[in-house]
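Presented below is the structure to which this report refers.
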Amino acid sequence: MRTLLYSLVLLAFWLLLSGHFNNPLLVGLGLGSVLLTVFLAKRMNILDHESFPIQLSPKLPRFSLYLLKEISLSNLDVLRRILSLRKNPISPRVQTLPLPHKTDLGRVLYANAITLTPGTVTLELQGDNIIVHALSKESAASLATGQMAAAIPEVPAYANPAKGSPA
Amino acid sequence: MTILDLLSWLCLTLGGLVGVIGAFGLLRFPDFYSRQHAAGTTDTLCAMLILLGLGLQAGLSLAAFKLAAILLFLIITSPVATHALANAARQSGLKALTSDDTSDDNSGSKP
Amino acid sequence: MIYAAALFAILVTLGLALIRALLGPTVFDRIAAINLFGTKTVLLIAVIAFYTKRLDLLDIALVYALINFISVIALQRLVAQKEFHSGPDHNDQGGQKVFAAKEGQS
């Protein structure tokens with residue numbers, strides 16, 4: 001199931017990138033490269049719920065919209081601070097925040113979302129804590145409310161990594 | 001000049017402006033970690049606006065798909081690169097400049 | 001004509017990033033500036049593709065986005081291994097010990 005979907009996504013990607021739709025030789029070669037890639041991925045055993053997370057897809061549009069809003073707002077804030085004429089527009093700080101996510105995928109998404117919004121950068125993951133560098137008191141405070149942590153899509157079926165990866 | 005051209009020009013110019021301001025912040029901010037935030041603005045909003053402006057010019061075509069793929073790659077890779085750099089700087093003991101004593105961890109040293 | 005302002009702005013951005021890469025002071029600042037330079041180069045190639053109406057250049061921008069990421073990660077790994085981070089405001093009394101411990105573990 002996952003393999004079939006992966007092949008279809010790769011084939012669509014190849015077709016859209018190359019733009020060849022009606023030359024049988026070229027499309028055949030593209031199909032061959034797709035099959036080779038899928039074969040290698042199966043052989044390396046990297047095709048699991050982390051490298052190709054289809055289970056996230058129903059929650060992805062809402063998460064993307066939320067991320068887009070956060071990125072825009074924090075961008076405007078950082079730009080305002082860069083252009084500010086005050087002597088000290090920024091108040092940088094290093095903070096340790098709790099990391100509520102249990103799966104690796106959820107943690108990666110959370111850390112990347114923090115880094116992607118300007119004003120906060122993930123420095124380190126330490127056990128159940130995340131160490132964050134924030135540009136200002138306000139950005140650190142908005143992160144500490146846990147609003148972004150709650151927005152991360154995390155699928156409960158994969159909450160226990162010890163169960164192994166159902167492919 | 002149609003309304004689409006005008007919108008596209010607006011997106012491109014705003015994106016360029018955001019890029020210049022972000023690079024200015026890269027020069028202005030006092031230490032490495034805060035400069036990363038300025039670099040982050042040019043990585044996200046600037047790229048989004050410029051690629052959106054180009055996408056409005058491309059219309060619904062293969063070029064628009066390629067632009068979307070470029071944006072997706074940039075959005076996925078830029079936080080990873082930023083985090084890798086910041087983590088390496090922290091591991092090497094580079095201290096973050098902190099403004100006051102309210103932060104609970106103001107040393108770059110490993111515990 | 002639509003693209004002239006964006007092209008100029010991206011070139012100015014590249015110049016400012018280059019100044020930061022030259023100023024330093026730490027090696028991480030330089031790598032961050034190079035990272036920004038690479039990202040802006042991707043955008044520059046994309047704008048040039050539309051400016052000259054040669055949309056094939058978009059493929060090159062796509063590949064450059066990936067290569068830029070890999071090069072930044074490779075540079076960061078190299079710096080972390082070789083310990084050539086130095087500079088005026090860099091306090092490197094903690095660094096040596098950390099790296100010695102890490103090499104011992106692996």
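Here is the naming used below: chain letters follow the sequence lines, and residue numbers restart at 1 for every chain. Below, each value reflects all heavy atoms present in this structure, side chains not excepted, and no hydrogens, waters or symmetry copies.
- Neither the backbone nor the side chain of C/Leu14 comes within contact range of chain B; no heavy atom of the residue lies under 4.5 Å from a heavy atom of that chain.
- Using a 4.5 Å cut-off between heavy atoms, B/Ala58 contacts chain C through both its backbone and its side chain.
- When heavy atoms are compared at a cutoff of 4.5 Å, C/Ala5 approaches chain B solely by way of its side chain, counted from C-beta outward.
- Considering CG of B/Leu49 and CG of C/Leu43, their distance stands at 10.5 Å, rounded to 0.5 Å.
- At a threshold of 4.5 Å between non-hydrogen side-chain atoms, the residues B/Gln36 and C/Phe28 do not count as touching.
- Ion pairing of C/Asp29 with C/Arg20 is absent here, as no side-chain N (NZ or NE/NH1/NH2) approaches a carboxylate O to less than 4.0 Å.
- By the 4.5 Å heavy-atom criterion applied to side chains, B/Ile75 and B/Thr44 are not counted as neighbours.
- When C/Leu66, C/Val42, C/Val72 are compared by the number of non-hydrogen pairs under 4.5 Å with chain B, C/Leu66 comes out ahead.
- Across B/Ile50, B/Thr42, B/Thr13, the residue that shares the most heavy-atom pairs under 4.5 angstrom with chain C is B/Thr42.
- When each of C/Ala17, C/Ala33, C/Ala46, C/Ala61 is checked for heavy-atom pairs under 4.5 Å with chain B, C/Ala46 comes out on top.
- In this structure, chain C has heavy atoms under 4.5 Å from both the backbone and the side chain of B/Phe32.
- Residue contact with chain B, scored on non-hydrogen atoms closer than 4.5 Å, involves the side chain of C/Ile73 exclusively.
- When side chains are defined from C-beta on, C/Leu58 counts as touching C/Phe50, because their heavy atoms get closer than 4.5 Å.
- Most heavy-atom pairs under 4.5 Å with chain C, from the set B/Leu26, B/Leu12, B/Leu54, B/Leu74: that is B/Leu54.
- Side-chain N or O atoms of C/Arg54 include none that pairs as donor or acceptor with a backbone N or O of C/Ala49 at under 3.5 Å.
- Under the 3.5 Å distance criterion, with hydrogens and angles disregarded, no donor-acceptor pair is assigned to the side chains of B/Ser8 and B/Asp5.
- Chain C forms more heavy-atom pairs under 4.5 Å with one residue of B/Gly15, B/Gly22, B/Gly19, B/Cys11 than with any other, namely B/Gly19.
- Annotation: maximal heavy-atom pairing with chain B below 4.5 Å, among C/Leu55, C/Val47, C/Ile10, occurs at C/Val47.
- C/Ala9 and B/Val20 get closest at one heavy-atom pair: O-CG2, 3.5 Å.
- Of all the listed residues (C/Asp59, C/Ile19, C/Leu62, C/Leu36), the one sharing the greatest number of non-hydrogen pairs under 4.5 Å with chain B is C/Leu62.
- When C/Ile31, C/Asn68, C/Asn35, C/Val12 are compared by the number of non-hydrogen pairs under 4.5 Å with chain B, C/Ile31 comes out ahead.
- Looking at heavy atoms from C-beta onward, B/Ser78 lies out of side-chain contact with C/Thr39 at the 4.5 angstrom threshold.
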